[in-house]
Amino acid sequence: MRWFSRCRGILSLALALCLLIPLAPQSYAAEVDTPAEEEIEVYFTGTFGISACIAILPTGEAECWGTVDCYPGYTADAVMRLQWKNQNGAWIDWQSWDAEGNVVDFYEVYPIPLERTYRVRVVAVISDAEGNWVETVSAISGSEYHSAD
């Protein structure tokens, strides 16, 4: 009986220590070296470049331009859209231009109403040499507000 009393005390102490030690294995966060946002490049299969730009000219016109550049053997069926933002925040197509080719360059100057925010969006459907769809890519310019000032 004496032995049991002594063992019970040791057993109680051992159990108390076990409660202090976490039962689950510890996990530690490893520091990961991630590139800065400007270092991240989007990878496309048939396209190596796409862009969209806008500038509001003093003449009250929107200068719109965009490009789609495909790798050899690929073709872009592209559209450049001049869009304006409505009061609900939705972008509405104002004017659009279509082009097709391995390299597509858009450049248009178009008259626009005052007191609206505009942007340019370029969307291209890319096909391989057999005419099979490969990817759809797009680019959106920054927005510009056209005011009377």
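Legend: residues meeting side chain to side chain donor-acceptor pair (under 3.5 Å) with Asp69, ordered by chain and number and at least two apart, are absent. Residues satisfying the side chain to side chain donor-acceptor pair (under 3.5 Å) test with Thr136, not counting sequence neighbours, are Trp133. Every residue two or more places apart in sequence or in another chain that forms a ring-ring contact (aromatic ring centres under 6.0 Å, His included) with Phe48 is listed here: Tyr71. Take Glu108 and apply the side chain to side chain contact (heavy atoms under 4.5 Å, CB included) test, not counting sequence neighbours, and it matches Met80, Trp97. For Arg121, the side chain to side chain donor-acceptor pair (under 3.5 Å) criterion is met by no residue, not counting sequence neighbours. For Asp105, the side chain to side chain contact (heavy atoms under 4.5 Å, CB included) partners two or more places apart in sequence, or in a different chain, are Thr67, Val103. With sequence neighbours excluded, no residue forms a side chain to side chain donor-acceptor pair (under 3.5 Å) with Glu100. Under the side chain to side chain contact (heavy atoms under 4.5 Å, CB included) criterion, Pro72 pairs with no residue at all, not counting sequence neighbours. Every residue two or more places apart in sequence or in another chain that forms a side chain to side chain contact (heavy atoms under 4.5 Å, CB included) with Ala52 is listed here: Val120, Val122, Ala139, Ser141.
Contact detail for Asn86 and Trp84: the closest heavy-atom pair is CA-CZ3, 3.5 Å. Contact between Trp94 and Pro111 at its shortest, heavy atoms only, is NE1-O, 3.7 Å. The two residues Ala78 and Val104 come nearest to each other via the heavy atoms CB-CG1, 4.2 Å. The nearest pair of heavy atoms linking Leu114 to Ser147 is CD2-O, 3.5 Å. In terms of heavy atoms, Ile54 sits closest to Gly142 at CG2-O, 3.4 Å.
Of the possible donor and acceptor atoms, none in the side chain of Asp128 sits under 3.5 Å from a partner among the backbone N and O of Val134. The backbone N or O of His146 lies less than 3.5 Å from no partner atom in the side chain of Glu115, so there is not a single donor-acceptor pair. A donor-acceptor pair is defined here as one N or O able to donate and one able to accept, closer than 3.5 Å; no such pair exists between the side chain of Asn88 and the backbone of Ala90.
The list of salt bridge (Lys or Arg N to Asp or Glu O under 4.0 Å) pairs with a residue in residues 79-93, not counting sequence neighbours, reads Arg81-Asp93.
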- request: Kindly determine whether Glu135 and Thr47 satisfy side-chain contact (heavy atoms from CB on, under 4.5 Å), including the steps that lead there.
  value: CA-CA 9 Å; Glu135 62 196 358; Thr47 313; 2.9 Å; yes
field: side-chain hydrogen bond (donor to acceptor under 3.5 Å, both in side chains) between Glu63 and Tyr110, worked out
entry: CA-CA 7 Å; Glu63 182 180 36; Tyr110 198 78; over 6 Å; no
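The hydrophobic clustering, which links ILVMFWY residues whose side-chain heavy atoms are closer than 4.5 Å, places Phe44 and Val68 together.
Taken to the nearest 0.5 Å, the CD1 atom of Ile140 stands 4.0 Å off from the CZ atom of Arg119. The structure places OG of Ser51 at 10.5 Å from CZ of Phe106, a figure rounded to the nearest 0.5 Å. Within the model, atoms OG of Ser127 and CG of Asn132 stand 7.5 Å from one another, a figure rounded to the nearest 0.5 Å. Here CD1 of Ile56 is found 3.5 Å from CD1 of Ile112. Values are rounded to the nearest 0.5 Å. Taken from OH in Tyr118 to CG in Leu82, the straight-line distance is 7.0 Å, to the nearest 0.5 Å.
Residues Asn102 and Thr75 are not in side-chain contact: their nearest non-hydrogen atoms beyond the backbone lie 4.5 Å or more apart.
Here Val123 sits in one hydrophobic cluster together with Val79; the rule is ILVMFWY side chains under 4.5 Å apart, joined directly or through other members.
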